[in-house]
Amino acid sequence: MNELAKTYTPQDFEDKWYSYWLNQKFFHAEPNPDKEPYTIVIPPPNVTGVLHMGHMLNNTIQDVLVRRARMQGKNACWVPGTDHASIATEAKVVQLLREQGIKKSDLSREDFLKHAYSWKEKYGGIILEQLKKLGASCDWDRTRFTMEPKLSEAVIDVFIDMYNKGLIYRGLRMVNWDPQGKTALSDEEVIHKEVQSKLYYIKYFMADGSGDFVTIATTRPETILADVAICVNPTDERFLHLHGKKVLVPFLNREIPIIADEYVATDFGTGCLKVTPAHDVNDYALGQKYQLPVIDILDESGFLNAEAKDPRYIGKDRFAVRKQIAIDLEEAGHLVKTEEYKNQVGTSERTGAVIEPRLSLQWWVDMKKFMARNPQVLDAVMSDEIQFHPAKMKNTYKHWIDNIKDWCISRQLWWGQQIPAWYDEKGNLVAVAKTEAEAILIAKSKNGQELDASSQQPMHLHQDEDVLDTWFSSWLWPISVFDGFEDPENADIKHFYPTNDLVTAPEIMFFWVFRMIMAGYEWRGEKPFSNVYYTGIVRDKQRRKMSKSLGNSPDPLDLIAKYGADGVRMGMLLCSPAGNDILFDDSQVEQGRNFANKIWNAFRLVKGWEVKPDSGFSPEIIEANQTSARWFAGRLHDALIDIEDKYKGYRLSEALMSIYKLIWDDFCAWYLEMVKPVYGEPMNESTYQTTLAFFEELMKVLHPFMPFITEEIWQNMAERKTGESICVAHYPLPVKVDAPDLSRVFESIQQIRNLRNAKGLSPKEAFEIYIKAKDISLYAPHSFLLQKLANVSAIHFVNAQPQGSTLLPIDTDELFIVLNLAIDEAAEREKIEKEIAYLEGFMKSVDAKLGNEKFVANAKPELVEKERQKKADAAAKIEVLKVSLAGF
RNA sequence: GGAGGCAUAGCUCAGCUGGUUCAGAGCAUCUGCCUUACAAGCAGAGGGUCCUUGGUUCGAAUCCAUGUGCCUCCA
């Protein structure tokens, strides 16, 4: 290679290498009995989604793990794909149609789905293309979609299987109703938000015409139209005289009873509770207990229906009615007062609409029964057979399972897998089966009828209109992407399942992680993955969650364009330990970019050397370079072990930091400076080769984190053939070396630099130094290095402090410099005295420890020995300083 | 209302089973340098009552308890 740009310009090569990787199929994996499998399934992003910072973090982590595994020679397979996201997608399509003047209600199911599919073909999966910009090394040939035919079939089969096992039932229950999406939601899809609302105090007059009244407090006055009782606490003395009496519902004058139940808190509101079974979960329970009627005044959109009786409100939105009825109540003299009140309101995760509790017939998974069949779902996590990172997530997991509730899996939507349940003309459930024909067969055999179709009346069934919850397909993901339901013994699933690592956000632990574990044990008798890495939430500097609505989220693609994918990846990872939120700021990405630039320039340096055979160099230089190389080899060895350790603990940001320091500090700041020829001089052949070899090792270690720049450099290091790539090169293993101890040399260099800084001396000005050391061999063999790096013209080994010199303590040794400057003796003395005072204080504390019989008796012997050593060292240092002080 | 987590430098975090790492890192800050790989850089420096108060212990950032403050999940 001839020319390298002076600064790092990622735009020049990132796309080029990504295409190369794809063309060479480096990311594609097939089952291979000779290789250890390493599998990750992507948390499938919504098919409607666009890449945001959360995806960036999540997928960068997965890519690091999978790239490293690939380089370690494992059969690495990262399966990508998308989720059909029933509510989100349907909402989007409905909105799009509305913009075109088409109402969903005017379309047949088939026509709507046609629109939805064409939308998906056009816009769906953009996010996967965006992931490529990031460098994600997914096996794109394996891209799956949760609603593609094969995966849908798996979902239907699972539903039928569960129904037959008695794990699924249909029941009339209070559900979370999303009036905008017009569908039921599971508890997990409801987000509770604190809102400022009003508490209305409303008079209900007694039915006996006495003019007496009770006052109730409610945040939802519109629901009085659905009231069926008033409830008080039986111990509440204020209301003892009212038990069994009746009151009139304002406006409607419907007579409703006053009942007594412990449920009512005496200290909230007025102590009188209105009971509205159709519109509140707790009221529903009360209604059941006292066999009260259920009056449902809301339709599926949250508008008041004819049951509300009062024509002023029928056909109007619940929030409009809330305002209006408050005014009307006031006019009619029913409103006592209103108060400001903070309460929690459930909203839909997908549409943001305020949730209405609504009584409806839905399909449910019997979770308790499921868990009883599969106790491993909890046990595997608690025993670390499935490891959570960070481990503290285990608590949350357990607590949730201990309080598990049934899972509502039906959704009143069209975009999704239609529930395979069949009903007769009267709406009775006849059978659960894949097709109508099968359902008829089941129905007939259940009735004990002969399977002689000709002799029977023709039977007409209709299928359940609802579809299944999206998560009812995503929980099968680790199995279904390998077609493990249709063909449980196929080569893919046998090789790649169970997968290794799952990387996901903590907030979907219950939605997804937990349920995948359930599915894994139920259908494969095996865990779906061995490790779960919970990422943090990406926030801005003010700790606000990044969101579109706040506009505080940078567009990841803009960031990549500006700083390069490597810089963005590094910026994201540098400060994101597992489970910790990441406070994102451009400056971190800048740091990543700067690091890339540093590497780039180091490579420019090495590539720019004029290389000549060793024979033309002085033995001194050759030897110094060999020493330097041995030293760096030692550092590399230690760092590789350290990095390996951090990977094992899934401490990726720390692993990256170790690599960062290894490259920047050890390699660039020390090693390269040690071997760098003076300007204009050539480099000897053997050192050049060694340096290049180190560089290659460093690039490999860094590659999982910064794939592009490492590939670019690796390709430029030597002649590479097509088909070769750093992404399939062997990951470095630590090699034990006999490394020289340069610690005293380095310390000397730093002390000299420090002195220069303090005295305002130019680094260009060379001076002589004097060393008084116990063991000269720690210095003498490395004189050349010391001179080169500290700009020292000569080194003298002495037994006493030279006249008029300044002392620099190097551990227990002494380094002296004779400066051609007037020495401020007083200041020097003070400095040394301070040092002595400090050391004496230190020794005192060590002495106290050693003088403590209990310490000597209880502490480990090696610890006591260490303390004694410390004391001896400190004493030696004090001695040195005192001698120096005497010299003044 | 219930449960869990966290609190260490200006910021983000390490500090594993108590004892030398006399409390560490990166970034930021400050000082001096445009020293021909890199100013997206180099060489240095400063900066912490380890949230409060108790307890256990020869010894506590580390273990226990209390309080305070923040966060998350659930109702």
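Every chain is numbered from 1 and lettered A, B, ... according to where its sequence line falls, protein lines coming before strand lines. Side-chain atoms are counted along with the backbone in the values below, which use heavy atoms only and exclude waters and symmetry mates.
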Rounded [atom1] spacing from [N] to [M] in Å:
| N | M | atom1 | answer |
| --- | --- | --- | --- |
| B:rA61 | B:rU68 | P | 24 Å |
| B:rG24 | B:rU36 | P | 35 Å |
| B:rA9 | B:rC27 | C1' | 12 Å |
| B:rG5 | B:rG67 | P | 16 Å |
| B:rG32 | B:rG26 | C1' | 23 Å |
| B:rA14 | B:rC51 | P | 14 Å |
| B:rU21 | B:rG15 | P | 16 Å |
| B:rG18 | B:rG59 | C1' | 8 Å |

Tell me the interatomic distance from [X], atom [atom1], to [N], atom [atom2], rounded to whole angstroms.
| X | N | atom1 | atom2 | answer |
| --- | --- | --- | --- | --- |
| A:Gln591 | B:rC27 | CD | P | 5 Å |
| A:Leu755 | B:rU31 | CG | C1' | 15 Å |
| A:Met572 | B:rC27 | CE | P | 19 Å |
| A:Met174 | B:rA75 | CE | C1' | 15 Å |
| A:Met657 | B:rG24 | CE | C1' | 12 Å |
| A:Tyr534 | B:rG4 | OH | C1' | 14 Å |
| A:Asp642 | B:rA25 | CG | C1' | 12 Å |
| A:Lys646 | B:rG15 | NZ | C1' | 11 Å |

For a quick check of understanding: with a heavy-atom distance under 4.0 Å over all strands, which category does A:Arg651 fall into, base, sugar-phosphate or nothing? sugar-phosphate
Any donor-acceptor N/O pair, A:Asn58 side chain to A:Gly54 backbone, under 3.5 Å: no
Any carboxylate oxygen within less than 4.0 angstrom of a Lys/Arg side-chain nitrogen, looking at A:Lys646 and A:Glu644? no
Taking only Lys NZ, Arg NE, NH1 and NH2, and the carboxylate oxygens of Asp or Glu, determine whether A:Glu673 and A:Lys676 approach each other closer than 4.0 Å. yes
Between the side chains of [X] and [Y], does any donor sit under 3.5 Å from an acceptor?
| X | Y | value |
| --- | --- | --- |
| A:Asn625 | A:Ser628 | no |
| A:Asp261 | A:Asn233 | no |
| A:Gln750 | A:Asn754 | no |
| A:Tyr671 | A:Thr691 | yes |

Sequence-aligned protein contact record of nucleotides 33-44 of chain B, with B where the base is within under 4.0 Å of a protein heavy atom and S where only the sugar-phosphate is: ---BBB-BSSBS
Watson-Crick and G-U pairing of RNA chain B, under 3.5 Å, as dot-bracket with | and [ ]: (((((((..((((.....[....)))).(((((.......))))).....(.(((..]....))).)))))))).
Using side-chain contact (heavy atoms from CB on, under 4.5 Å) as the criterion, point out the one residue from A:Val281, A:Asp283, A:Val175, A:Thr276 that pairs with A:Pro357. A:Val281
Whichever of A:Tyr660 and A:Asn395 has the more 5' nearest nucleotide on RNA chain B, that residue is A:Asn395
Would you mind telling me which residue lines up with the more 5' stretch of RNA chain B, A:Lys661 or A:His399, judged by nearest nucleotide? A:His399
Honestly, is A:Arg635 close enough over A:Phe694, meaning NZ or CZ under 6.0 Å from the six-membered ring centre and within 45° of the axis? no
Out of B:rG26, B:rC73, B:rA3, whichever nucleotide has its closest atom nearest the side chain of A:Phe510: B:rC73
To the side chain of A:Lys405, which of B:rA75, B:rG26, B:rG4 is closest? B:rA75
So, do A:Phe746 and A:Trp670 have ring centers that fall under 6.0 Å from each other? yes
Close aromatic pair by centroid cut-off 6.0 Å: A:Phe388 and A:Tyr533: no
Does B:rA75 have its OP1 or OP2 closer than 4.0 Å to a side-chain nitrogen or oxygen of A:Asn403? no
